[in-house]
Number of protein chains: 2
Amino acid sequence: MASLKSHNKKEQDLSLTKNQKIVLNLLQNSSEPLKAYSILDSLKTEGLKSPLQIYRALDKLEKLGKIHKIESKNSFIACSNSNCARNTAFTICESCGNVKELKNNYLSDGVNELIKKNKMSITRYNLEFYVLCKNCKTN
Amino acid sequence: MASLKSHNKKEQDLSLTKNQKIVLNLLQNSSEPLKAYSILDSLKTEGLKSPLQIYRALDKLEKLGKIHKIESKNSFIACSNSNCARNTAFTICESCGNVKELKNNYLSDGVNELIKKNKMSITRYNLEFYVLCKNCKTN
DNA sequence: CTTGAATTGTTATATTATTACATAATGTAA
DNA sequence: TTACATTATGTAATAATATAACAATTCAAG
Ligand SMILES: [Zn+2]
Ligand SMILES: [Zn+2]
Ligand SMILES: [Zn+2]
Ligand SMILES: [Zn+2]
């Protein structure tokens, strides 16, 4: 009989543990990046009560590419692409902190060219573009 | 008489305060990014003995564009360009952590194109390219 | 000189993240 | 199945990173 290992997106989600699912779910329903201790606060009711439970889930989810860490904000955001392959690009509003992940397929051609021209042999990249979002522009 | 404000590089350096000069000097002579508390340790002998003295100097130097923070490493590195105008790009070795700042004039054309294509109106950018450095490749 | 902005020194505290160790659940192969 | 390795959990303690608050000082602009 074939292996029971998961192969598609759905099954991969199912293979997440309880804690990982809870954390991922929270991030997917958040409109903004969340900090580890704010996640902890939100999930006290779900039985998660120590920082380590959060950090462990975050680590795993990040390795799976389901979430990304916004380093300059010590915050985490659910991946909004189907697959980033560890290559990420974000816009970050300098005024309100609003973060959006860029569609990597829009970028990849340009980035590849950039890499070629600079003769780099890279394993992955993370691009952070700082902006003034629409809201902050008008105000 | 004209303002006594500093206008060229040299005078700008001279306008740094004692603490700022000490911290900048340490970073400029370091072959790798340094963490705030490691800077503090190194500078105990110079009379800097509280974290705030370090963080304040780092903040100021960063605003002046003389150093940059590598967010994913909570570390600071002296700027190796003459002027980044807050636009930065680095290669970071995934194995040993070695960090190098890219010459931004090599990049800017490509980046500008990238930004145009994605119809972004940005205020600045920070690009992190992860690599395996020469040392780590051969070992 | 006087004013206001920037810098400093110091102590305390907040925020973010990991170590250490014991236990339980899960997957794999003989 | 048993045995073994791998992965995940729970919990407490602690490390590492960064900021708040407040008083005192320096220094240039007017
Ligand atoms: Zn993504
Ligand atoms: Zn905004
Ligand atoms: Zn620079
Ligand atoms: Zn290396």
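Throughout, a chain's letter reflects where its sequence line sits, starting with A, and its residues are numbered from 1.
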Atom pair CZ/CG of Phe129(A) and Asn126(B) - distance to nearest 0.5 Å: 10.0 Å

Touch class at under 4.0 angstrom, heavy-atom based, for Lys73(A) against every strand present: nothing

Among dA17(C), dT10(C), dT9(D), the nucleotide that comes nearest once only the side chain of Asn74(A) is considered: dA17(C)

Gln53(B) CD - dA6(C) P separation (whole Å): 20 Å

Nearest listed nucleotide, side chain of Leu52(B), among dA20(C), dA21(D), dT9(D): dA21(D)

Atom pair CD1/CG of Ile54(A) and Asp41(A) - distance to nearest 0.5 Å: 9.5 Å

Residue-phosphate contact under 4.0 Å: Lys35(A) side-chain N/O, dT16(C) OP1/OP2: yes

For atom CG of Leu34(B) and atom P of dT17(D), their distance in whole Å: 12 Å

d(OH, Tyr55(A); P, dA16(D)) in whole Å: 15 Å

N/O donor-acceptor pair, side chain Tyr37(A) with base dA17(C), under 3.5 angstrom: yes

Rounded distance in Å - CD (Gln20(A)) to P (dT7(D)): 12 Å

Residue-phosphate contact under 4.0 Å: Thr17(B) side-chain N/O, dA6(C) OP1/OP2: no

Nearest non-hydrogen partners of Glu113(B) and Glu113(A), listed with the distance: OE2-OE2, 4.2 Å

Side-chain N,O (Lys69(B)) to OP1/OP2 (dA18(D)) below 4.0 Å: yes

Gly47(A) vs Ser38(B), nearer the 5' end of DNA chain D by closest nucleotide: Gly47(A)

Under the ring pair (Phe, Tyr, Trp, His ring centres under 6.0 Å) test, residues paired with Tyr130(B) that sit two or more places apart: none

Integer-rounded Å distance: dA16(D) P and Leu58(B) CG: 18 Å

Among dA8(D), dT10(C), dA17(C), the nucleotide that comes nearest once only the side chain of Ala36(A) is considered: dA17(C)

Atom pair distance, as rounded to whole Å: CD in Glu71(B) and P in dA18(D): 8 Å

Whole angstrom value for the distance that separates C1' of dA8(D) from CD1 of Ile54(A): 14 Å

CA sep, side-chain torsions, deciding dist, call: Lys73(A), Glu32(A), salt bridge (Lys or Arg N to Asp or Glu O under 4.0 Å): CA-CA 11 Å; Lys73(A) 298 170 69 70; Glu32(A) 55 181 10; over 6 Å; no

Nucleotide nearest Lys49(B) (side chain, heavy atoms from C-beta), chosen from dT10(C), dG10(D), dT19(D): dT10(C)

Length of the line joining Asn19(A):CG and dA25(C):C1', which is rounded to integer Å: 13 Å

